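Whatever order the structure lists them in is the order used to number ligands and atoms, beginning at 1. If you're wondering where the values come from, they're calculated on a predicted model, not measured in any experiment.
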Amino acid sequence: MKIVHMYLNVLEVSEAVPAWDGFLRLGFFLVLIAMIVMMLHRRYAKVKVASGFDVVAVNLEAEGKRYDFNDIAGNIEAKESVNDIVDYLRDPEKYKAYGARMPKGILLHGKPGTGKTLMAKAMAGEAGVPFYAVSGSDFVQMYVGVGAARVRELFKKARDAGGGVIFIDEIDALGKKRSDGLSGNDEREQTLNALLTEMQGFSDGAGIVVIAATNRPDTLDEALMRPGRFDRRVEVGLPDLAARKQILALHAKNKPLSKMTNMEKLAVDTVFFSGAMLEGLLNDAAINAAKRGGGNIEPEDISTAYYTALAGSEKKDRSGIRQKERAVTAWHESGHALAATLLNPENRVAKVTIIPSAGGAGGFCANIPAERMYWTKRELEEQIMINLAGRAAEELHFGIDGVTTGASNDIEKATQTALQYVAKFGMGEGLLDRLALKDDQNINKECADLINRLYDETRVLLKENYPAMEALVEGLLENETLDGDEVREILSAATPTQ
Ligand code: ADP
Ligand code: ZN
């Protein structure tokens, strides 16, 4: 029984939003297979490795694919802050003549899917220079020396070509802080040193720019950021409303969208989506439409894709579900929906359903938080309360012994948020002094106190509005799914005084 937590995106939780659980599991499986294949490959490719490494970097120009800034929607500040680099790549001599020293390395940082890779490709494309790409994670678990050789090979290629963009994705896999004392990963350090040496080595007029990307800039070794290394940092952020509109429009260009499509609303509903998620959403909608075969992509295709992205696809065979379980789910989801609405109408409930998902959730409540940059202390508390409201509703109706395992996902999310509330944002009782001490025991206790306090508050809130919750449950049992307007209608009918 999922509640959709797009807000976690904004709190920099490194774990995936629940929406992507299914993908993650699939992804994990694919990664496992890839690793096995790679291991086998390496075993049989040893000779090749020893005799000059085969650079896997791609030259996109050779592939005939070329990106430019028109392929990037939004991200205006980021584009502007690399404009001079593009100009330098076009004509390095010009800058040399003026004695200007351009950054050799640029660090693009931002959440996954915000278009960092795209930005690097577009810079190469704009400047008309080759693009070479590797990923930091490729270097992990290599034979000692192989990574370093590969880095040197990469730079040699770029030098021989007369310049270009060298892109290193996931630089954090390579350049993690060494302060932990137990790093001892020789391979990683050798590779990193090779990289720094190479960067030191090419001259200012070489027309080479190294672009590194990470979603965890805080974990990077300071040494990477010194002058002459990655001394320009550019943030690539999640798209705001206007940017989401542009990204959707860009990726809709080659798709037969029906006239009924409301892109404006879709942009509003996709708050906290990354560019990659928006692209994926339209692509899934196109797949839905193609399967159906109606000629156009209809609004239903998009909304199916949207809710699948948030909560997973619906379970096809629902014959095994017992009446009692439907009722549990109805109470649980009504609790989420009611708490979200009562706490702050800006938490717009978009859909509540007791149709189970293929991934095993009994149903879900999608609530779309308002667009924002910062969260107040109380707003975070409210998010925790919304998380806990499913369990609280179960308890209120079925009694303390009747609560179910359906709240596990909610509890996990509430815990994550509570931990960040205390340990990251310093909003707990003990505040900052204890943070500095990294006093885990106290942090844990504060989290527990916070969650207990908010759980009590949630129970009181739901109890006071029991008739409204009952009305929602009835509506759900009857219709299985309610959209946001239906939820608000039921709630205002059940609470005439408000
Ligand atoms: P990152 O490297 O930050 O993880 P990517 O550059 O790999 O993200 O983005 C993946 C895909 O998402 C891109 O190829 C593109 O289709 C889409 N995308 C992401 N950001 C944007 C954007 N600002 N404009 C257009 N498309 C975008
Ligand atoms: Zn729940």
Student: Rounded to the nearest 0.5 Å, what's the gap from CD1 on I355 to CZ on R326? Could you check?
Tutor: 9.0 Å
Student: Apply the salt bridge (Lys or Arg N to Asp or Glu O under 4.0 Å) test between R459 and each candidate in E395, E394, E464; give the one that qualifies.
Tutor: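 That would be E395.
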Student: For atom 18 (N) of ligand 1, which of G275, A78, G237 has the closest heavy atom?
Tutor: G275
Student: Applying a heavy-atom cut-off of 4.0 Å, say which part of V236 lies close to ligand 1: side chain, backbone, both or neither.
Tutor: neither
Student: Using a 4.0 Å heavy-atom threshold (strictly under), name the region of T117 that reaches ligand 1: side chain, backbone, both or neither.
Tutor: both
Student: Just need the protein heavy atom nearest to atom 8 (O) of ligand 1, so name the residue and atom and give the distance.
Tutor: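 Minimum-distance protein heavy atom for atom 8 (O) of ligand 1 reads G115 N, 3.1 Å.
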Student: Would you tell me which option among A276, G113, A73, S274 has the nearest heavy-atom contact to atom 11 (C) of ligand 1?
Tutor: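 Answer by nearest heavy atom: A276.
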Student: Only to 10 degrees, please: what angle do the NE2 atom of H332 and the NE2 atom of H336 make about the Zn ion (ligand 2)?
Tutor: 90°
Student: Between H251 and ligand 1, which part of the residue brings a heavy atom under 4.0 Å of the ligand: side chain, backbone, both or neither?
Tutor: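 Side chain only.
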Student: Heavy atom under 4.0 Å from ligand 1: found in N75's side chain, backbone, both, or neither?
Tutor: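 It is the side chain that touches ligand 1; the backbone stays farther off.
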Student: For ligand 1, note which part of K116 has a heavy atom under 4.0 Å away: side chain, backbone, both or neither.
Tutor: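 Both backbone and side chain of K116 come within 4.0 Å of ligand 1.
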Student: Give a yes/no verdict on a cation-pi contact between K351 and Y307, requiring under 6.0 Å between NZ or CZ and the six-membered ring centre and an angle within 45° of the axis.
Tutor: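 K351 over Y307 ring: yes.
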Student: Would you say the Zn ion (ligand 2) has E333 as a near neighbour, meaning an N/O/S atom of that residue under 2.8 Å away?
Tutor: no
Student: Closer than 4.0 angstrom: is that true for some heavy atom of G74 and an atom of ligand 1?
Tutor: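 No, G74 has no heavy atoms under 4.0 Å from ligand 1.
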Student: Run the numbers on H251 and N283 for side chain to side chain donor-acceptor pair (under 3.5 Å), then give the verdict.
Tutor: CA-CA 8 Å; H251 291 287; N283 189 51; over 6 Å; no
Student: With a cut-off of 2.8 Å, does any N, O or S atom of C365 fall short of it relative to the Zn ion (ligand 2)?
Tutor: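 No, C365 does not qualify, because none of its backbone or side-chain N, O or S atoms lies under 2.8 Å.
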Student: Is there a donor-acceptor pair closer than 3.5 Å between any side-chain N or O of D301 and the backbone N or O of I297?
Tutor: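 Between the backbone of I297 and the side chain of D301 there is no qualifying donor-acceptor contact (under 3.5 Å).
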Student: Considering non-hydrogen atoms of the protein only, which is the closest contact for atom 21 (C) of ligand 1, and what is the distance?
Tutor: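 Result: L118 CD2, 3.8 Å.
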